[in-house]
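Naming convention: chains lettered A, B, ... in sequence-line order (proteins, then strands); numbering from 1 in each chain.
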There are 4 protein chains.
Amino acid sequence: MSADKREQILDAAEELFGHLGFEGTSIRALSLKASVNIAMVSYYFGSKEKLFQAMVERRAGATTMALKFINAKEHDPWKKIELVIDHYVDKIFGNVGFQRIMYRELSLDQRGWITEAIMDIILQNTREMSSIIEEGIKKKIFRKVDAELTVVTLVGTISKLTLCSNLSCRMIGDKGTKASITDETNKKRVKKHMHDLMKAHLTPALKG
Amino acid sequence: MSADKREQILDAAEELFGHLGFEGTSIRALSLKASVNIAMVSYYFGSKEKLFQAMVERRAGATTMALKFINAKEHDPWKKIELVIDHYVDKIFGNVGFQRIMYRELSLDQRGWITEAIMDIILQNTREMSSIIEEGIKKKIFRKVDAELTVVTLVGTISKLTLCSNLSCRMIGDKGTKASITDETNKKRVKKHMHDLMKAHLTPALKG
Amino acid sequence: MSADKREQILDAAEELFGHLGFEGTSIRALSLKASVNIAMVSYYFGSKEKLFQAMVERRAGATTMALKFINAKEHDPWKKIELVIDHYVDKIFGNVGFQRIMYRELSLDQRGWITEAIMDIILQNTREMSSIIEEGIKKKIFRKVDAELTVVTLVGTISKLTLCSNLSCRMIGDKGTKASITDETNKKRVKKHMHDLMKAHLTPALKG
Amino acid sequence: MSADKREQILDAAEELFGHLGFEGTSIRALSLKASVNIAMVSYYFGSKEKLFQAMVERRAGATTMALKFINAKEHDPWKKIELVIDHYVDKIFGNVGFQRIMYRELSLDQRGWITEAIMDIILQNTREMSSIIEEGIKKKIFRKVDAELTVVTLVGTISKLTLCSNLSCRMIGDKGTKASITDETNKKRVKKHMHDLMKAHLTPALKG
DNA sequence: AATGAATGAGCCTTCATTCAT
DNA sequence: AATGAATGAAGGCTCATTCAT
């Protein structure tokens with residue numbers, strides 16, 4: 001059955017591209033991992049590059065329009081920020097592999113055709129975040145901060161943790177434990193830190 | 001002259017590895033860029049991997065022990081944080097290419113031997129930062145925050161900006177201008193944001 | 001319907017083999033041209049080689065026994081030669097594609113099994129021609145020429161024109177016109193030349 | 001040494017392309033035949049197609065301007081025709097392999113870039129022949145024949161013999177002997193036939 | 001009868017590296 | 001010290017063919 005093997009290849013691609021990079025992953029290794037014949041990649045996707053593209057698009061479809069829902073709801077900005085942080089951490093921590101692929105690709109000058117696609121995926125979410133902060137500022141509920149860089153801080157903190165998970169594990173301590181950066185304990189800790197940080201950052205200064 | 005060609009190769013390596021990745025850079029392209037014979041890479045460095053290692057080590061030497069100086073001085077924690085931010089932004093923004101290489105390498109499972117080396121370089125600095133924050137907390141000058149994750153935030157914000165410079169330019173606005181993320185205006189804006197963020201984040205809450 | 005698709009494949013084969021050669025024609029291209037499924041070639045013919053064989057045999061059947069009729073009739077040698085030339089030119093000019101395939105195949109050392117089949121087709125006709133000339137010589141109506149090489153001349157002249165049609169167009173002039181080598185005007189010109197040549201070549205020398 | 005292996009490859013190319021065709025010849029077979037590493041073809045020529053081109057150009061250089069010499073000399077047209085036939089037969093019979101490659105390539109629609117080059121080589125010679133015949137006609141030494149088609153006859157007869165040597169051997173008899181079409185005996189026979197044919201064809205008719 | 005999926009061998013090319021000079 | 005030539009492995013991809021339905 002077609003759909004089966006196609007998915008096997010896409011899964012293998014996500015894993016291998018994530019760990020070894022595009023150039024570091026051979027079609028032979030891919031077909032071995034997916035337990036399919038080496039010719040199936042060309043058969044289903046046409047080429048290695050098109051497989052990469054298909055893999056990005058598959059994941060992109062599931063990633064987009066995630067935060068719109070939150071922003072649309074009639075919460076006050078504080079609640080929205082809280083929800084956004086929780087949602088974003090859950091989403092990113094739940095899909096570390098693909099995150100790596102996207103950010104690595106953004107840092108390369110190969111395959112320019114995909115940069116735009118990836119940026120669109122990311123910008124869609126960051127713009128939602130920006131608009132929440134700007135709304136809070138306009139309503140005088142938030143302090144007048146640099147909204148765009150605040151989003152960078154939010155996104156950057158979480159990216160840092162997931163992209164360099166080995167490094168992050170060593171940075172945030174618990175040296176003895178071999179816990180993954182994405183386990184529940186860490187997830188809670190990160191959410192708490194982000195809530196705390198945003199609370200302090202966005203709360204207007206007291207008068208007098 | 002030996003030293004000359006060695007440096008030419010290392011320069012070419014930094015540029016090409018930065019733009020195309022390790023696997024995406026061929027020794028042929030490297031030797032062309034460096035204007036040396038193709039056999040020189042193996043001749044001087046032994047192999048492509050060892051060239052990579054040499055390039056990392058060259059840059060690492062110039063990068064390490066940068067923040068120790070600040071921490072040693074007898075500033076109060078607030079001043080130290082301020083200095084650290086300015087210094088760190090300057091340093092990272094001044095060497096975007098090598099940053100990319102390091103972080104991309106950390107996200108790959110190829111060449112495990114180098115991960116440790118890179119982590120050491122990074123951890124050296126982040127630990128300095130951590131110790132500043134923890135000192136401030138102990139002295140009750142700073143609020144009792146998650147020191148380690150605060151460092152992640154600091155480092156993550158700046159990494160985000162430099163690693164995905166195209167994306168960042170589109171995130172932080174000034175849509176009309178084609179300004180680089182690392183130009184002076186942006187550098188000042190980033191420093192200001194970080195100062196502002198840390199001020200709000202670390203200032204102890206007023207007593208009731 | 002079976003017969004239909006078989007013919008479609010054979011037609012496509014004749015065209016593609018003619019233009020691209022046996023090795024240069026892929027089964028994929030073939031099935032696309034014939035608008036049939038890619039598996040049909042193996043299904044109907046067993047293999048690419050057997051399809052080639054079938055195509056040769058189909059055309060061979062229609063080609064053979066063409067000149068026998070002329071030789072059998074009770075014409076005098078001069079009339080026979082005239083008829084043979086006209087008939088041969090008509091036949092060859094009317095089927096340039098297959099001619100190309102045959103002669104190209106004869107010049108290759110691939111697929112030896114088919115060489116014999118093709119040679120039989122060709123020899124059948126050239127022997128008829130030989131026998132006409134030899135009959136004329138025996139009857140002292142023709143000069144004592146090298147009958148076999150005379151046939152080579154006859155056949156070679158026409159082969160040359162059809163096999164390298166682009167070249168021939170440029171050789172026989174009318175530079176301005178983009179006329180095909182096989183159009184009516186050229187056909188008449190070629191027949192006239194061949195009649196003229198054979199007349200001069202075969203007419204016995206005057207005595208005294 | 002460079003020149004050595006380059007020549008070995010070109011020699012192997014001429015032989016294998018001649019016998020198996022361009023598509024029918026693999027680089028592996030080529031490198032085996034030439035006793036060089038498989039990567040040397042790309043190293044010296046860049047690609048299979050460029051090797052083909054180089055092979056054609058090498059032979060073309062040696063082939064061109066062969067007949068000009070004859071035409072320039074101050075012979076009468078009869079002597080010139082005689083010399084041309086002898087020279088042409090010698091040349092073509094001495095290089096059957098390359099002839100095959102050229103004519104096969106002319107009959108294919110692959111690699112259009114080379115068709116022009118080959119046609120130039122051939123046309124150079126045929127135009128010399130044409131001019132000789134036309135000169136003879138103008139001087140009333142030759143009969144008023146179709147000069148261009150006469151050249152086609154001349155060239156076509158010889159092409160026929162060399163391109164389909166197996167066939168030709170069976171056409172021109174001596175069935176018992178396994179003699180090559182290009183051996184001395186056959187060469188003489190062909191020259192004699194061509195002289196004889198041209199004599200008869202070009203001699204003006206006697207006046208009444 | 002007819003097909004889309006699947007196969008493994010082979011294609012040409014480029015790779016990092018080593019050799020002879 | 002430095003190089004152009006040479007190597008064998010591996011690269012992505014296409015091939016003719018067969019399988020399961």
Side-chain angles (χ1 to χ4, degrees), chain A residues 1-6 8-9 22-31 34-52, chain B residues 1-6 22-31 36-52, chain C residues 1-6 22-31 36-52, chain D residues 1-6 8-9 22-31 34-52:
Chain A
M1 195 64 52
S2 151
D4 216 29
K5 299 221 166 179
R6 246 189 81 99
Q8 283 175 41
I9 294 172
F22 181 83
E23 282 84 7
T25 302
S26 77
I27 286 200
R28 267 171 186 84
L30 251 158
S31 64
S35 303
V36 300
N37 184 274
I38 191 177
M40 296 310 290
V41 171
S42 287
Y43 183 73
Y44 278 124
F45 301 95
S47 71
K48 193 184 175 187
E49 281 227 340
K50 284 184 190 149
L51 163 63
F52 189 85
Chain B
M1 201 148 298
S2 156
D4 215 29
K5 298 209 169 181
R6 250 188 77 99
F22 181 83
E23 283 84 7
T25 302
S26 76
I27 288 202
R28 221 165 224 89
L30 249 154
S31 65
V36 301
N37 183 274
I38 190 178
M40 295 308 295
V41 171
S42 291
Y43 184 71
Y44 277 128
F45 300 94
S47 72
K48 193 185 175 186
E49 284 224 340
K50 282 182 190 151
L51 162 63
F52 189 85
Chain C
M1 199 148 300
S2 154
D4 215 30
K5 298 208 170 180
R6 252 188 76 100
F22 182 83
E23 283 83 8
T25 302
S26 75
I27 288 202
R28 221 167 224 89
L30 248 156
S31 65
V36 300
N37 183 275
I38 189 178
M40 295 308 296
V41 171
S42 292
Y43 185 72
Y44 277 128
F45 300 95
S47 73
K48 193 185 175 186
E49 284 225 339
K50 282 181 189 151
L51 162 62
F52 189 85
Chain D
M1 195 65 49
S2 153
D4 214 28
K5 300 220 167 181
R6 247 189 81 101
Q8 283 173 41
I9 294 171
F22 181 84
E23 282 84 7
T25 302
S26 75
I27 287 202
R28 259 173 193 83
L30 251 158
S31 64
S35 303
V36 301
N37 183 274
I38 191 177
M40 295 311 290
V41 172
S42 287
Y43 183 74
Y44 278 124
F45 301 95
S47 71
K48 194 184 172 186
E49 281 227 341
K50 282 184 191 151
L51 163 62
F52 189 85

Q | OG-NZ distance between S31(C) and K5(C), expressed to the nearest 0.5 angstrom | A | 11.0 Å
Q: Drop me the distance from F52(D)'s CZ to T25(D)'s OG1, to the nearest 0.5 angstrom.
A: 9.5 Å
Q. Any idea which heavy atoms bring F45(C) and K50(C) closest together, and the distance?
A. O-CB, 3.0 Å
Quickly work out the [X] [atom1] to [N] [atom2] distance and round it to whole Å.
| X | N | atom1 | atom2 | value |
| --- | --- | --- | --- | --- |
| K50(C) | dA16(F) | NZ | C1' | 13 Å |
| M40(C) | dA2(E) | CE | P | 5 Å |
| R6(D) | dA5(F) | CZ | P | 11 Å |
| Q8(D) | dA5(F) | CD | C1' | 13 Å |

Q. Which letter, B, S or -, goes with each nucleotide of nucleotides 13-21 of chain E from 5' to 3', with contact meaning a protein heavy atom under 4.0 Å?
A. BBSSSB---
Q.
If you compare every side-chain N and O of Y44(C) against the phosphate oxygens of dA2(E) (OP1, OP2), does one of them come in below 4.0 Å?
A. yes
Q. Are any of K5(D)'s side-chain N or O atoms less than 4.0 Å away from OP1 or OP2 of dT7(F)?
A. yes
Q) Are the side chain of K48(B) and the backbone N or O of F22(B) linked by a donor-acceptor pair below 3.5 Å? A) yes
Q: Name the pairing partner of dG11(F), where a pair is Watson-Crick or G-U wobble with both distances under 3.5 Å, or state none.
A: dC12(E)
Q: Using Watson-Crick or G-U wobble geometry with both distances below 3.5 Å, tell me the partner of dT21(F), or none.
A: dA2(E)
Q. Would you call I27(A) and L51(A) a side-chain contact if the rule is heavy atoms closer than 4.5 Å?
A. no
